[in-house]
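Below: the structure, in structure tokens.
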Amino acid sequence: GDSVTQMEGPVTLSEEAFLTINCTYTATGYPSLFWYVQYPGEGLQLLLKATKADDKGSNKGFEATYRKETTSFHLEKGSVQVSDSAVYFCALVNGGYQKVTFGTGTKLQVIP
Amino acid sequence: DAGVIQSPRHEVTEMGQEVTLRCKPISGHDYLFWYRQTMMRGLELLIYFNNNVPIDDSGMPEDRFSAKMPNASFSTLKIQPSEPRDSAVYFCASSFGQSNQPQHFGDGTRLSIL
């Protein structure tokens, strides 16, 4: 079946540092890929998405590129802020039904 | 636009009691999902519906859990009888039925079973 693997957290960075959170996936066909973010006390919300190979999703300074050759969708941001502290989930949807396969989540803590 | 609305936001009850969680999806969305989130197990899909019909309930822990969607604008998740190990945050999410469309989550119900 489909699966998503993302790096273990927590990740602790200083403000303005460069962020990378690795995500790889296993799926047949051509899934759509997503990054969701969860702030404390809230539900998950979409951060960005990419629906085909070589697409780059971007939002709020975050970027991720759909790499089919390496089955990866790594999340990057050039300069993190304290307000980016949250849990980040990599996810995919594959096929006709909308069932999402989520990674385990990576907690990011940004310190001033 | 109103997002996914869940109620109650917090529920504290004693073991053995019946618990009912409610969800109103975004209007026009044809998929509805129930998730459970705990520190130990992370985010688990319990059940999901398409056009009010349950598609996959393989994540429902046991017969004490049941979910219904009587119409396109309302769903319930019921636990009877409740147990302390059911304590978790329960999320409802909805989406529009194409694979490139994201799910929209409610803010969750934090359930504590004493």
**Under 4.5 Å from any heavy atom of chain A - which part of B:Gln6** =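 For B:Gln6, no heavy atom lies under 4.5 Å from chain A.
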
**Message:** Need one label for B:Arg9: side chain, backbone, both or neither, based on atoms under 4.5 Å from any heavy atom in chain A.
**Reply:**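 Only the side chain of B:Arg9 comes within 4.5 Å of chain A.
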
**Message:** Going by the rule salt bridge (charged side-chain N to carboxylate O under 4.0 Å, His left out), which residues pair with B:Asp56 if we only count those two or more places apart in sequence or in a different chain?
**Reply:**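 For B:Asp56, the residues satisfying salt bridge (charged side-chain N to carboxylate O under 4.0 Å, His left out) (neighbours in sequence not counted) are A:Lys99.
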
Heavy-atom count around [X] [atom1] within 6.0 Å, excluding the residue itself: above 12?
X: A:Gln81; atom1: CD; value: yes
X: B:Asp63; atom1: CG; value: no
X: B:Lys68; atom1: NZ; value: no
X: B:Glu14; atom1: CD; value: no
X: B:Arg64; atom1: CZ; value: yes

**Message:** Non-hydrogen contacts under 4.5 angstrom with chain B: give the residues of residues 36-46 of chain A involved, or none if there are none.
**Reply:** A:Tyr36, A:Gln38, A:Gly41, A:Glu42, A:Gly43, A:Leu44, A:Leu46

**Asked** A:Leu92, A:Leu48: one ILVMFWY side-chain cluster at the under-4.5 Å cut-off?
**Response**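 Yes, A:Leu92 and A:Leu48 fall within the same hydrophobic cluster.
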
**Hydrophobic cluster membership, B:Met69 vs B:Phe33, 4.5 Å side-chain cutoff** =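 No, B:Met69 and B:Phe33 fall in different hydrophobic clusters.
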
**Message:** Within this structure, what is the CD-CZ distance for the pair B:Gln103 and A:Phe102, rounded to the nearest 0.5 Å?
**Reply:** 5.0 Å

**Request:** Count the heavy-atom pairs under 4.5 Å between each of B:Asp107, B:Val89, B:Asn50 and chain A, then report the option with the highest count.
**Result:** B:Asp107

